[in-house]
Structures are given as C-alpha cells and as structure tokens.
Amino acid sequence: MSFILFLLFGLVVGALARLIVPGREPGGWVVSMIIGVVGSFVGGLLGRMLFMYEEGEPAGFFMSLIGAILLVAGYHAIARRSTAV
C-alpha cells in the first residue's frame, strides 16, 4: 500500500512541477509520475547535501517539488538543444 501512495505522491509532485515550469511537455501521467518519483530522490539527495535530512530520511514535499522542477527544466533544456541542432 505504501508503494501505491509513493506513486500517487510522485504523480502529484510531477504534475505540479510540469505546471510550474513553462513550456510544452510531451508525455502523459506516467511521465509526470516518473518525474515526480525521481524528483523526490533528487530532492532528498539535495536535502542531505544541504544537511536538511538525515541519511535514510525521506524528502519532504517541498524538496521533492524542487527536485522535480530541476528535472523538468533540465529536460526542457536538453530537448531544446537537440531540436536546435
């Protein structure tokens, strides 16, 4: 049950990140979920690097959202560069 809640959390975080970062984003709800879940890991890593979280402690909503926003912005930058070439 916690795995399903983790995926739903990832879906919410990924959808919010896609709304915050401007630009057209291909992909559906599965891509949003993947971005949100990976963003949670990135946010947790950033939080541990900034000494906000202890080892093994999950990232909070804010850091998960920051991580997902960074992923979406990075994806947009890479996608723009590959279409410009």
Side-chain angles (χ1 to χ4, degrees):
M1 187 66 168
S2 63
F3 182 70
I4 293 171
L5 290 175
F6 182 67
L7 290 178
L8 286 174
F9 179 75
L11 180 62
V12 170
V13 169
L16 285 174
R18 287 177 61 178
L19 286 173
I20 291 171
V21 177
R24 182 162 168 79
E25 178 73 35
W29 62 273
V30 174
V31 174
S32 292
M33 185 183 301
I34 292 169
I35 287 172
V37 169
V38 175
S40 291
F41 287 115
V42 171
L45 179 65
L46 287 174
R48 282 188 287 281
M49 288 172 54
L50 297 172
F51 303 106
M52 296 173 66
Y53 302 112
E54 296 294 323
E55 186 66 36
E57 188 178 0
F61 180 78
F62 181 71
M63 287 305 291
S64 296
L65 185 59
I66 296 293
I69 288 171
L70 290 173
L71 287 176
V72 172
Y75 175 74
H76 282 215
I78 290 170
R80 266 188 247 128
R81 188 178 326 142
S82 66
T83 58
V85 173

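Count residues from 1 along the sequence.
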**Item:** Transitive ILVMFWY side-chain link M52 to F62, under 4.5 Å
**Value:** yes
**Prompt:** For the hydrophobic clusters of this structure (ILVMFWY residues joined by side-chain heavy atoms under 4.5 Å, transitively), does one cluster hold both F61 and V72?
**Reply:**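 Same cluster: F61 reaches V72 through Ile, Leu, Val, Met, Phe, Trp or Tyr contacts under 4.5 Å.
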**Of V42, L16, V21, I35, the residue whose pairing with I69 passes side-chain contact (heavy atoms from CB on, under 4.5 Å)** = V21
**Complete:** Shortest non-hydrogen pair, S40 vs S64, comes out as OG-OG, 3.3 Å
**Request:** Nearest 0.5 Å please: distance from the CG atom of L71 over to the CD1 atom of I66.
**Result:**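 With rounding to 0.5 Å, CG (L71) is 11.5 Å from CD1 (I66).
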**Prompt:** CG/L65 to CD1/I20 distance, rounded to the nearest 0.5 angstrom?
**Reply:**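 With rounding to 0.5 Å, CG (L65) is 4.5 Å from CD1 (I20).
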**Item:** Members besides F51 in its Ile/Leu/Val/Met/Phe/Trp/Tyr cluster (side-chain heavy atoms under 4.5 Å)
**Value:** none
Only pairs under 3.5 Å count here: list side-chain donor-acceptor contacts from residues 7-14, not counting sequence neighbours, and write none if there are none.
none

